[in-house]
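Start at 1 and go down the list; that is how both ligands and their atoms are numbered. These values consider heavy atoms only, across backbone and side chains, with no hydrogens, waters or symmetry-generated copies. The structure presented is a predicted model; accordingly, all values stated were derived computationally and were not measured.
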Amino acid sequence: MVGNNGKAMSDPLSLLADRFRPAFTSVAGAPADPVVRASDRADAQVNGALAVAKATGKVPRDVATEVLALLGDVSDMCESTEVAGPGFINVVFSRAFLERELATMTNSSALGVRSIEGKETVVVDYSAPNVAKEMHVGHLRSTVIGDALVRMLNFVGYTTVRENHIGDWGTPFGMLIEHLIDLGEDQAAEAFSVGDLDSFYKIARQKFEADDAFKERARLRVVALQAGDAETLRMWNVLVGESTKYFNRVYRTLGVLLEDSDLMGESAYNNLLPQVVERLRVSGTLEQSDGADVMYLDGFTNRDNEPLPLIIRKGDGGYNYATTDLACVIDRVERIGAQKMWYVVGAPQAQHLQMVEAAAKKAGWLPANVEMQHVSFGNVLGADKKMLKSRSGESVKLSALLEEAVERASRAVEEKNPALSASERANVARMIGIGAVKYADLSTDRIKDYIFDWDRMLSFDGNTAPYLQYAHARICSIFRRADIDRTSVRGVTATLGEPQEKALALTLLQFDAVVWDSLAKASPHRMCTYLYELATVFTGFYENCPVLKSDEPQRTERLALCDATARVLHCGLDLLGIEAPEAM
Ligand code: ARG
């Protein structure tokens, strides 16, 4: 998806691949792509000779030798290149090259991360809880992943449009409004303000099922809502307003970017629904099935292998979730002018989104140059590997979960640093607790399920937010102890004399590639994996290379490496929506 922007330029491994590509191509007699990886033996290992050997019938080591012969002068970049093993090429970068690259990176405010050329608009559809219903952990996942993607997209220069497609329309609102009337608006507001949305919904549903008179009232109320009855709309607004107030509290606690102006709920597309049907009818893609207006799309069948219709308008005239999503595609393409639309929605909605995409294409509303991508994710599991539930077996209330995270973090911080003042501790505990929950979610491949484990996510060891936050704070404290302003060491070119210094520089220089790679796969966990590696490599440097105790100019040069590491950690965490305190 990143096209010609996706090639990392400040990343030494990609630069190396660019240098080797012509030689590989001429040995292969056809375009051949060297695969360059970081290596323990040297700095980098260039693979690809095996593939070329297979294609040409040559011996892999001979291919590697021929490639080196054709490579030309790479001394500006490499100290040595040699054939190893069955046909790899091991490369040691020259110190001067890495020093130069690192100086360029640290002198740029974007830390060497390239921006897109031109302008491109991306709609990110995320969070999307339902009115008068508790946000569940699935919405937590969507919120946290979507927000990280928005931050990364913004960082490289995309114009992003956040859309919170809340469930705020449809037949359940008949019973919800009638329940609101029974309960009284003050009582309802009270229940919502303490985040007791689930019981409101549940009681409404119970009454709907048990009481025929209530059911009839609910039915009439839906009719009034559809017809735009003013008093009904006012009450509907009360429900939406109280719910979004609650969602906003969760968003502020989580520290995500979503605001009221990002609300683009199902109701927003209501007026467009008749047009959807009309435009489909005109394009000749609408068919009839049992009195309903449907679309048949290639490749979608039910369990009995019969064509599966996408219902656009039911027999009773009502519209569907899919109809709204089709209106939404039209809006995003035609009004917003999006080039990409990313749907951060759980895996169970995969077929729904595939059918919406196929229908939009068939209707001609989704041009080939507009990307519609389902950014899917798995479940959050409890220790028992079943869907995460509270002790009483209820679904976990998000607000309670976040409170518990901060409480637990507060205890951990008190143990680790009793000297912090109460207000400092409260602030750090918030950053750590919330960061831990978000990072635990972001750091596993989103496609997979993960187990929600308090002890693991709050640990100061391993691939966790507290570990990375601590690594960052520790670097800040080096500067504090020496009473040196961090900005004073910027622009200093570090001499990479020690292997650990070189390893640190190489890792720092990957940052650009990692941002782009995370975006290409819409996978924030790639950023997490990298930051964890960076913190680990930094530890190796710090244990082997004295900083404050060494003489000048080495002292300042090493401080510059410390500062660069802290900047990348801070920036990387920020792209994940996680705060990094300077002390903890
Ligand atoms: N409100 C839906 C849910 O809770 C998610 C909406 C996702 N976005 C969309 N355009 N369908 O499952």
Side-chain angles (χ1 to χ4, degrees), residues 122-147 149-150 160-173 176 195 197-198 200-202 205 236 239-240 243-244 246-248 250-251 254 256 258 262-270 272-273 276 310-312 319-336 338 340-361 365-366 370-380 387-388 395-398 446 522:
V122 189
V123 170
V124 184
D125 177 322
Y126 70 111
S127 194
N130 299 312
V131 163
K133 273 193 182 174
E134 179 60 39
M135 289 175 85
H136 55 70
V137 285
H139 296 118
L140 170 74
R141 296 219 67 186
S142 174
T143 305
V144 167
I145 295 168
D147 208 62
L149 294 174
V150 167
T160 55
V161 179
R162 303 182 294 262
E163 291 210 326
N164 194 354
H165 194 93
I166 59 170
D168 63 355
W169 201 252
T171 45
F173 282 88
L176 290 170
L197 281 67
D198 269 351
F200 183 92
Y201 195 95
K202 239 182 256 163
R205 155 98 28 220
W236 169 78
L239 285 175
V240 175
S243 299
T244 49
Y246 174 69
F247 301 153
N248 281 335
V250 173
Y251 294 153
L254 271 176
V256 295
L258 287 169
D262 304 319
L263 286 170
M264 208 45 197
E266 293 176 23
S267 66
Y269 303 97
N270 204 28
L272 288 170
L273 300 180
V276 170
L310 180 68
I311 298 171
I312 303 294
Y319 301 100
N320 261 352
Y321 185 47
T323 323
T324 303
D325 261 322
L326 280 171
C328 183
V329 169
I330 294 178
D331 188 62
R332 288 172 182 176
V333 174
E334 297 180 6
R335 179 181 63 88
I336 297 178
K340 297 184 205 302
M341 306 185 283
W342 286 4
Y343 292 72
V344 189
V345 182
Q349 295 193 34
Q351 190 185 54
H352 161 74
L353 290 171
Q354 280 160 14
M355 291 184 86
V356 167
E357 180 178 4
K361 283 200 174 128
W365 302 334
L366 189 57
V370 176
E371 170 193 289
M372 175 166 168
Q373 190 187 351
H374 179 194
V375 180
S376 177
F377 53 82
N379 297 314
V380 185
M387 297 289 264
L388 185 67
S395 67
V396 180
K397 221 187 262 175
L398 215 47
R446 62 178 163 75

Whether Lys202 and Asp198 form a salt bridge (side-chain N of Lys/Arg under 4.0 Å from carboxylate O of Asp/Glu) is what I want to check. no
Among Tyr269, Tyr321, Tyr126, which one puts a heavy atom closest to atom 7 (C) of ligand 1? Tyr321
For Tyr343, which of Val356, Asp125, Val124 qualifies under side-chain contact (heavy atoms from CB on, under 4.5 Å)? Asp125
Proximal ligand 1 atoms for Tyr343, defined as those under 4.0 Å from one of its heavy atoms: 10 (N)
Does ligand 1 have an atom under 4.0 Å from some heavy atom of Glu163? no
Would you kindly specify which portion of Leu353 sits under 4.0 Å from ligand 1, judged on non-hydrogen atoms: side chain, backbone, both or neither? neither
Just need the protein heavy atom nearest to atom 8 (N) of ligand 1, so name the residue and atom and give the distance. Asp125 OD1, 3.2 Å
In the protein, which heavy atom is nearest to atom 12 (O) of ligand 1, and how far is it? Gln349 NE2, 2.8 Å
Minimal heavy-atom distance between Asn164 and Ala128, with the atoms involved, is OD1-N, 2.7 Å
Hey, are the side chains of Leu140 and Leu254 touching, using non-hydrogen atoms and a 4.5 Å cut-off? yes
Would you indicate whether the side-chain heavy atoms of Glu163 and Ile336 approach each other to under 4.5 Å? yes
At under 4.0 Å between heavy atoms, what of Asp325 touches ligand 1? The answer is side chain
Judged by modelled atom types alone, do Glu266 and Tyr321 share a side-chain donor-acceptor pair under 3.5 Å? no
